Protein chains: 2
Amino acid sequence: MFTQSEENYLKAIFHLQEETNDGVSTSSLSELLNTKAASVTEMVKKLADKSLVDYRKYYGVQLTELGKNQALSVVRKHRLWESFLVERLNFKWDEVHEVAEQLEHIKSAKLVEELDKFLGRPHYDPHGDPIPDANGNLPKAAKKRLSQLKAGNRAVCKGFNDTSSSFLKYLDRQGIGMDTSIEVLQIESFDESMTIKVDEKEISLSKTATDHIYVED
Amino acid sequence: MFTQSEENYLKAIFHLQEETNDGVSTSSLSELLNTKAASVTEMVKKLADKSLVDYRKYYGVQLTELGKNQALSVVRKHRLWESFLVERLNFKWDEVHEVAEQLEHIKSAKLVEELDKFLGRPHYDPHGDPIPDANGNLPKAAKKRLSQLKAGNRAVCKGFNDTSSSFLKYLDRQGIGMDTSIEVLQIESFDESMTIKVDEKEISLSKTATDHIYVED
DNA sequence: TATTATTTTTAGCTTTGCCTAAAAACAATA
DNA sequence: TATTGTTTTTAGGCAAAGCTAAAAATAATA
Ligand SMILES: [Mn+2]
Ligand SMILES: [Mn+2]
Ligand SMILES: [Mn+2]
Ligand SMILES: [Mn+2]
């Protein structure tokens with residue numbers, strides 16, 4: 001099928017595409033993948049040759065239907081493995097990402113199907129990210145960012161948009177995890193930092209943090 | 001650490017070393033790894049530079065202590081993953097080898113330890129091959145080849161020295177698996193083929209087959 | 001609009017791991 | 001021992017995926 005590197009590019013394009021409407025830029029890809037822009041240009045041309053992306057010089061790339069399906073398959077594997085590691089192998093949620101980055105490239109249709117079955121066909125991974133099904137359908141949850149709430153709102157944490165171990169450990173220390181109930185107490189206008197109540201404790205979160213926390217109210 | 005390719009070479013040298021006393025030849029490696037002799041020579045020189053093997057031109061290679069430990073670690077992962085696939089994910093024993101060839105290269109000490117714990121620290125994989133422990137110790141079973149038995153002997157199958165799906169499926173059809181009890185009825189002198197009794201049925205096995213079946217009596 | 005700054009692409013190199021063909025070393029045999 | 005045959009190594013190349021430095025295109029600004 002496709003190389004590990006190609007799969008990583010497709011996944012990166014997929015993630016960046018969720019945030020912008022038009023083409024994904026060379027520089028954003030090179031930043032996310034820790035490579036140089038020149039390397040991205042080269043790879044992107046190869047992906048275009050294989051009909052995985054549409055590419056117009058200087059205008060960025062977009063996944064084709066084929067490329068999107070391929071990306072979804074990798075995302076599916078990544079999130080299933082993360083679920084497996086947390087649910088069955090006693091991993092903490094901040095320990096799984098690096099290993100899942102490796103496991104997501106294992107090629108075996110049967111393995112994915114059996115793993116999914118074994119885990120009880122979960123819809124969300126340990127970070128609250130939706131797991132695409134075998135056909136690439138994503139369970140669409142109407143999530144808001146915590147930063148979009150007003151003082152007085154109550155909500156439940158449903159996702160975290162930062163895979164770094166340091167952010168996830170920080171959340172642990174604050175007592176914030178999946179399905180944690182919170183109440184917004186106050187928002188400072190000068191820096192948009194937020195004071196929230198979690199388990200009877202009041203804590204303060206920066207705008208950067210509240211942007212990375214998804215909630216349902 | 002080491003590349004996937006380097007790990008495959010170390011594992012191949014390890015396996016070949018179990019059958020010969022002195023150095024592993026370039027040609028045997030190239031055959032096992034499906035590469036050309038020239039490629040083996042090159043890689044072997046790199047492994048020697050990294051102190052993983054001892055190499056003398058024209059005399060073959062042998063693993064150093066470091067190389068052996070590394071090989072054992074890969075073998076351990078391969079066999080633990082095979083056990084996982086069969087014990088937990090409904091794989092048949094002839095379906096696991098290819099996938100384990102991929103999974104054995106995943107790098108995570110915690111993953112190996114937790115997987116081992118999850119499986120109840122098994123000593124043997126689905127093919128009866130011993131699983132090295134975390135320190136590289138192999139449970140040493142004094143196994144014989146079925147071909148070494150005489151007419152009248154009874155024994156129990158404890159291992160199979162051929163990873164090919166076709167051989168394992170053949171055994172399935174004959175009703176032979178791990179811990180199957182057998183009795184040797186007759187050995188033909190002209191081709192060393194053997195008639196054995198399995199579950200009240202008499203079947204005939206070639207010398208090639210009986211060489212690949214390990215038993216305990 | 002002309003100039004400057006930024007982004008993207010091109011050109012040319014490097015490393016890894018493989019290949020083929022030719023040379024060298026070792027093994028077998030007349 | 002001299003010749004022939006086999007195995008191993010060397011030499012020279014190739015594709016993948018990265019890099020730096022320079023050129024080209026686009027964007028920003030005077
Ligand atoms: Mn992740
Ligand atoms: Mn995740
Ligand atoms: Mn195997
Ligand atoms: Mn096995």
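Since we're looking at a predicted model, the values are computed, not measured. By convention in this document, chain letters (A, B, ...) are assigned in the order of the sequence lines, proteins followed by strands, and residues within each chain are numbered from 1.
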Side-chain atoms of residues 37-45 of chain B: list all donor-acceptor pairs with protein atoms under 3.5 Å, sequence neighbours left out, distances to 0.1 Å.
unit_1	atom_1	unit_2	atom_2	d
T41(B)	OG1	A37(B)	O	3.2

What's the [atom1]-[atom2] distance between [X] and [N], to the nearest Å?
X	N	atom1	atom2	result
L47(B)	dC18(C)	CG	P	11 Å
E6(A)	dA15(D)	CD	P	15 Å
L29(B)	dC18(C)	CG	P	12 Å
E31(B)	dT8(D)	CD	P	11 Å
D49(A)	dA16(D)	CG	C1'	14 Å

Can you see whether Q62(B) engages D54(B) through a side-chain donor-acceptor pair at a distance of less than 3.5 angstrom?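 No, because no side-chain N or O of Q62(B) sits under 3.5 Å from a partner of the opposite role on D54(B).
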
Is there a donor-acceptor contact under 3.5 Å linking the side chains of S28(A) and S25(A)?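 On atom types as modelled, these side chains qualify, holding a pair under 3.5 Å.
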
Residues in salt bridge (charged side-chain N to carboxylate O under 4.0 Å, His left out) contact with E101(A), at least two apart in sequence or another chain: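 Only K11(A) meet the salt bridge (charged side-chain N to carboxylate O under 4.0 Å, His left out) criterion with E101(A).
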
When you check every protein heavy atom under 4.0 Å of nucleotides 5-16 of chain C, what one-letter string (B, S, -) results, 5' to 3'? ---SBB-----S

Ring-plane angle category for H127(A) and W93(A), please: parallel below 30°, perpendicular beyond 60°, tilted otherwise.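 Rings of H127(A) and W93(A): parallel, as their planes differ by under 30°.
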
What's the spacing between D211(A) CG and M194(A) CE if we round to 0.5 Å?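 Atom-to-atom, D211(A):CG and M194(A):CE are 9.5 Å apart.
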
